[in-house]
Amino acid sequence: MENIRLTFPDGQTREFPEGTTALEVAKSIGARLATEALVARLDGRLVDLSSPIKETAPIQFVTPKMAEGLEVYRHSSAHLLAAAVLELFPDAHPGIGPPTETGFFYDFYREKPFTEGDLKKLEEKMAELVQADLAYERVYFAKEEGLKIFKEMGEFLKCELIEEKAEPIFSAYRTGRFLDFCRGPHIPSTGRIKAFKLLSVAGAHWKGDEHSRPMQRIYGTAFFTQKELDQFLEQVEEARKRDHRRLGKDLDLFSIQDEAGPGLVFWHPNGGIIRKEIEDFMRAELLKQGYSLVYTPHVARVDLWKTSGHANFYRENMFTPMQLEDAEYQLKPMNCPFHILIYKDARRSYRELPMRLAEFGAVYRYERSGVMHGLLRVRGFTQDDAHIFATPETVEAEVAGCVDFALLVLRTFGFEKFEVELSTWNPEKRDQYFGEPEQWQMAERSLDSALKSRGISYRRIVGEAAFYGPKIDIKLVDALGRLWQLSTVQFDSWLPARFGLEYVGADGHPHQPIMVHRALLGSVERFFGVLIEHYAGAFPVWLSPVQTVVLPITERHLEYARTVTETLSRAGIRARLDDRNEKLNARIRDAQLRKVPFMLVTGDREAAARSVAVRRRDRGDAGSQALDEFVIAMRGLIDTRAVKW
């Protein structure tokens, strides 16, 4: 038997007999590493610790301190769940069970629905399997042999996956009685799983196809320590309290009506006021920054989408065309071709560029029923869209200006933390992108330079560019530390070429402009959903649907309360008089539940002194204040768009 040579991360090299397992290598380094290691990275690929090593290669052990370790740990936790399900519910047929950013899930086909009560039973069974310290045993089958075994088990879903994805010799993992077609790797045994929790049951569809077999999805999460799990569950509970769907109903902001159809948003008066404030601010800033406001139709002939390429590249996300007397028409999924037609409507000179066209444009995209989620994933929404037509000499400055604008907008609405990504093409998959390598290199240099000129650090994501050009994504961090993708700036030479766009240069010859797509809020609906959850519905004064509620103590104080309400309204403050025949404390409590920033109590003393007794939603009694002084203070909060006071 020959020796193999393994190279460790610190550069040291050691020899071992061929066939030595990764676990034995870890033990040779130290007992602590052997107990901490989850899997190994051998020559760049992850392998089980039980894997025999047969070649000279670099090796690194993955521990709980590494992000990859948590992903493998959660994948193994999904297998633990499936093993528990088959122990308790042998009529269930497992589908797929991947790790996710926050945990894991496993899909099952079962005629009888799982219940919330079943989750408790499953957790108890999972705990038993952890105590049993069952190995995650990797086994291999020839494809035909494996298919026969899974058919005899009655696992028709696994058979379908094996037929589609399995190599001639494929791997599977056995955990107790559970056998799963899986590439792995996995942690050594169930006893290594220390803290887990099953979260919910939801409907799903096999392979995400809404026309396929209905499935039941069990969500769970797992952490290396109970403390980490407890912290996560606290965050989940806080997120539940902030859920924009619940708050949207409680605060009467919006609804999605079954009678109209899923994914179509109805803005109620309270939500409508907030939307107006958002759009008023945005439009004022657009004009200040040299944009022109445009408005475009909701539909266009299908031929336009063929020219733009969306009919090919974006077909599955577009609604079925409608046949009219002269042609087929398509609901627009994007605004860009419409802005292009405005640009193309006249002969353009380099002196007119950059041309910045902006629109709050309604678009419609066919989202599958399983992925729609409140305001965050809908079928009809409004993009704060803009397209900039620039020369090669000015495009970098335009990109930098878009980034500045995005940060200004997000900070105005109270977001201070961001993560930035630069998505580039993958030159090894050129068939997936439009344009020549030189164009991509120039575009990526422009975006890179724009970010560096602002001192903005970013992460480069290879292969995530749009088919027509690289892009900058700005992800905000909300009050719970969650990332949200909203603002994007995209570079595009594809559409100007497809539509034959030109401008006359200083040399008198025609040239092709470069187009920059940018959205700062992303979509008004999604941004509003994020805003609701960030503030838990307690919006800053300038955004609050009702900024003050006036509360007369008794009926004899009503006349002065009306005077206060009228004074506030004349000053442009959204004030509401609550003169219901209810006790004062009940009306105060109602205003707090509706998250009104200020409550103004009026009684004999206030009427005599032309003052108000101020209550704040965040800290209760704030003392007495002259009415005129309160108006001035309120106008200051509104005019400066203060997010804290």
Any donor-acceptor N or O pair under 3.5 Å, side chains D473, Y458:
no
First locate atom CG of L49, then atom NZ of K27, and finally report the distance between them rounded to the nearest 0.5 Å.
10.0 Å
Are the charged groups of K197 and E123 less than 4.0 angstrom apart, N to O?
yes
If the plane angle is over 60° it's perpendicular, under 30° parallel, otherwise tilted; pick one for F232 and F223.
tilted
Output yes when K121 and E124 qualify as a salt bridge under the 4.0 Å nitrogen-oxygen rule, no when they do not.
no
Would you indicate whether the side-chain heavy atoms of T221 and R74 approach each other to under 4.5 Å?
yes
In plain terms, say whether K207 and E160 are close enough for a salt bridge, that is, a side-chain N and a carboxylate O under 4.0 Å apart.
yes
Lys/Arg-Asp/Glu bridge criterion (N-O < 4.0 Å) met for E238, R242
yes
Mind checking whether T63 and L33 have side chains closer than 4.5 Å, heavy atoms only?
yes
Are side-chain heavy atoms of F16 and I53 found at a separation under 4.5 Å?
no
Show the numbers, then the answer: is there a side-chain hydrogen bond (donor to acceptor under 3.5 Å, both in side chains) between D180 and Y106?
CA-CA 12 Å; D180 197 5; Y106 215 113; 2.8 Å; yes
Residues E234 and K227 bridged, charged N to O under 4.0 Å
no
May I ask you to decide whether K125 forms a salt bridge with E128, counting only side-chain N to carboxylate O separations under 4.0 Å?
yes
Could you check whether E367 pairs with R377 (Lys NZ or Arg NE/NH1/NH2 to Asp/Glu carboxylate O, under 4.0 Å)?
yes
When the ring planes of F170 and F141 are compared, do they come out parallel, tilted or perpendicular, using 30° and 60° as the limits?
tilted
If the plane angle is over 60° it's perpendicular, under 30° parallel, otherwise tilted; pick one for F415 and F527.
perpendicular
Hey, can you tell me if H186 and Y136 have their rings parallel, tilted or perpendicular (30° and 60° cut-offs)?
parallel
Nearest 0.5 Å, what's the OG1-CZ distance between T13 and F8?
8.5 Å
Can we say D91 and K112 salt-bridge, meaning some charged N sits less than 4.0 Å from an Asp/Glu carboxylate O?
no
H244 NE2 to H534 NE2 distance, which is reported to the nearest 0.5 Å:
15.5 Å
What's the separation between atom OG in S189 and atom CG in L129, rounded to the nearest 0.5 Å?
12.0 Å
Ignoring hydrogens, what is the shortest heavy-atom contact between P64 and E36? Give both atom names and the distance.
CD-O, 3.3 Å
Side-chain ion pair, K475 and E419, N-O less than 4.0 Å
no
State, without any angle test, whether D107 and W206 hold a side-chain donor-acceptor pair at a distance under 3.5 Å.
no
Non-hydrogen side-chain atoms of K194 and F196 separated by less than 4.5 Å:
no
Would you indicate whether the side-chain heavy atoms of Y366 and R379 approach each other to under 4.5 Å?
yes
For residues L451 and V420, determine if any side-chain heavy atom of one lies less than 4.5 Å from a side-chain heavy atom of the other.
yes
Determine the interplanar angle of the F156 and H93 rings, folded into 0 to 90°, and report it as parallel if under 30°, tilted if 30 to 60°, perpendicular if over 60°.
tilted
Is there side-chain contact between I218 and V85, with at least one heavy-atom pair below 4.5 Å?
yes
Cut-off 3.5 Å, side chains only: do S449 and E396 have a donor facing an acceptor?
yes
Should the pair E533-R482 be classified as a salt bridge under the 4.0 Å nitrogen-to-oxygen rule?
yes
Cation-pi, Y173 ring and R138 (6.0 angstrom, 45 degrees):
no
